[in-house]
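Here is the structure we will look at, set down as structure tokens.
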Protein chains: 2
Amino acid sequence: MAYATAIESLADPTRRRIFERLRLGPAPVGVIARGLPVSRPAVSQHLKVLREAGLVVDQARGTRRVYSIDPAGLAELRAWLDQFWTEALTSFKAEVESAPRGPRRKA
Amino acid sequence: MAYATAIESLADPTRRRIFERLRLGPAPVGVIARGLPVSRPAVSQHLKVLREAGLVVDQARGTRRVYSIDPAGLAELRAWLDQFWTEALTSFKAEVESAPRGPRRKA
DNA sequence: GCTTACGGTAAGCAATAACTTACCTTCTGT
DNA sequence: ACAGAAGGTAAGTTATTGCTTACCGTAAGC
């Protein structure tokens, strides 16, 4: 059920930017915030959400707190998506091939 | 850039339930709504969002409108996630192995 | 030991969005 | 042709949430 919090976390544009920043490598809060148009506390709050979703991990380094991507949440999300994958492909193909009648949209 | 609308669409619990219902096979709006605790118009609105995100397609069948999963949006989402996959695994492994100092959380 | 830097938390505000009811259009069957 | 069913759209309400500023704890360096 943890895929839910993961996907909900990544729905926010700012959190996606944070997450994508971490894809380049681990970084402390201040550095992450410097590259974004929001305040440092906002970034802290976002990182908390991402951490609780299992998408990032943090590590104390003196007074800094270095964040990096946690594959755990990513794996959950991927697993959930894959549930749809084969199923969607087969049923989609069947639909398209069998029922070509009726307008698809008004105009 | 379409992965953004896809992930934002699936962030909503009700839309996820709709999407998961469609995993079982195509269904008209009324049938989908009957299995959910929200009104039919709400389902219509959700389906519109999912359609614009490329996650579902609809097909007119007389007065019904049958919805089914569209693999397109799913593919975009998967591709975006995969960008993190290898990168995250390697950098995560490197982090864990190299820096075992400092408490990870306060208590 | 004191100052400074870094970052998490609290409180408050404003914008978004998920729902509702009401309405209108369109297709079907008699 | 008309009655009814199915569903998309409009307008309005309410809850959520992402942001801000202010504050506090803690580790590092002189």
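Letters A, B, ... are given to chains in the order of the sequence lines, protein chains preceding strands, and every chain is numbered from 1.
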Does the side chain of [X] reach to within under 4.5 Å of the side chain of [Y], using non-hydrogen atoms?
X: B/L10; Y: A/E8; answer: no
X: A/L22; Y: A/I32; answer: yes
X: B/V56; Y: B/S68; answer: no
X: B/T5; Y: B/E52; answer: no
X: B/Y67; Y: B/R21; answer: no
X: B/V66; Y: B/D58; answer: no
X: B/Q83; Y: B/Y3; answer: no

By a strict heavy-atom criterion of less than 4.0 Å, which residues belonging to residues 9-19 of chain A are in contact with DNA chain C?
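Nothing qualifies; none.
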
Which of residues 33-42 of chain A sit near DNA chain C, with a heavy atom under 4.0 Å from it?
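Within residues 33-42 of chain A, the residues near DNA chain C are A/R40, A/P41.
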
Separation of [X] atom [atom1] from [N] atom [atom2], in whole Å?
X: B/E52; N: C/dA17; atom1: CD; atom2: P; result: 13 Å
X: B/H46; N: D/dG7; atom1: NE2; atom2: P; result: 16 Å
X: A/R61; N: D/dA28; atom1: CZ; atom2: P; result: 12 Å
X: B/R65; N: D/dG7; atom1: CZ; atom2: C1'; result: 8 Å
X: B/R64; N: C/dC27; atom1: CZ; atom2: C1'; result: 11 Å
X: B/I32; N: D/dG8; atom1: CD1; atom2: C1'; result: 14 Å

According to side chain to side chain contact (heavy atoms under 4.5 Å, CB included), who are the partners of B/A6, at least two apart in sequence or on a separate chain?
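Expected list: B/L55, B/L77.
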
Among all residues two or more places apart in sequence or in another chain, which pass the side chain to side chain contact (heavy atoms under 4.5 Å, CB included) test with A/R78?
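Result, side chain to side chain contact (heavy atoms under 4.5 Å, CB included) vs A/R78: B/D82, B/W85.
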
Between the base of C/dT20 and the side chain of B/Q45, is there a donor and acceptor pair under 3.5 angstrom?
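A donor-acceptor contact between them is present.
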
Report the stems of DNA chain D as range-with-range entries sorted by first number; a stem here is at least three consecutive pairs, Watson-Crick or G-U wobble, both distances under 3.5 Å, and write none if there are none.
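DNA chain D stems, ordered by first number: C:1-30 with D:1-30.
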
What's the spacing between A/F84 CZ and B/I69 CD1 if we round to 0.5 Å?
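Here the interatomic distance stands at 5.5 Å.
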
Give a yes/no on whether any side-chain N or O of B/Y67 is located under 4.0 angstrom from OP1 or OP2 of D/dA6.
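Answer no for this pair, as no side-chain N or O of B/Y67 is under 4.0 Å from OP1 or OP2.
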
Please tell me if B/S44 has a side-chain N or O lying less than 4.0 Å from either OP1 or OP2 of D/dG8.
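Yes, B/S44 has a side-chain N/O under 4.0 Å of OP1/OP2 on D/dG8.
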
Can you give each donor-acceptor pair under 3.5 Å made by side-chain atoms of residues 39-49 of chain B, sequence neighbours left out, with the distance rounded to 0.1 Å?
{"unit_1": "B/S39", "atom_1": "OG", "unit_2": "B/A42", "atom_2": "N", "d": "3.4"}
{"unit_1": "B/H46", "atom_1": "ND1", "unit_2": "B/R15", "atom_2": "NH1", "d": "3.1"}

Nearest-nucleotide wise, let me know which of A/K48 and B/E8 is further upstream toward the 5' end of DNA chain C.
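Comparing both residues, the 5'-ward one is A/K48.
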
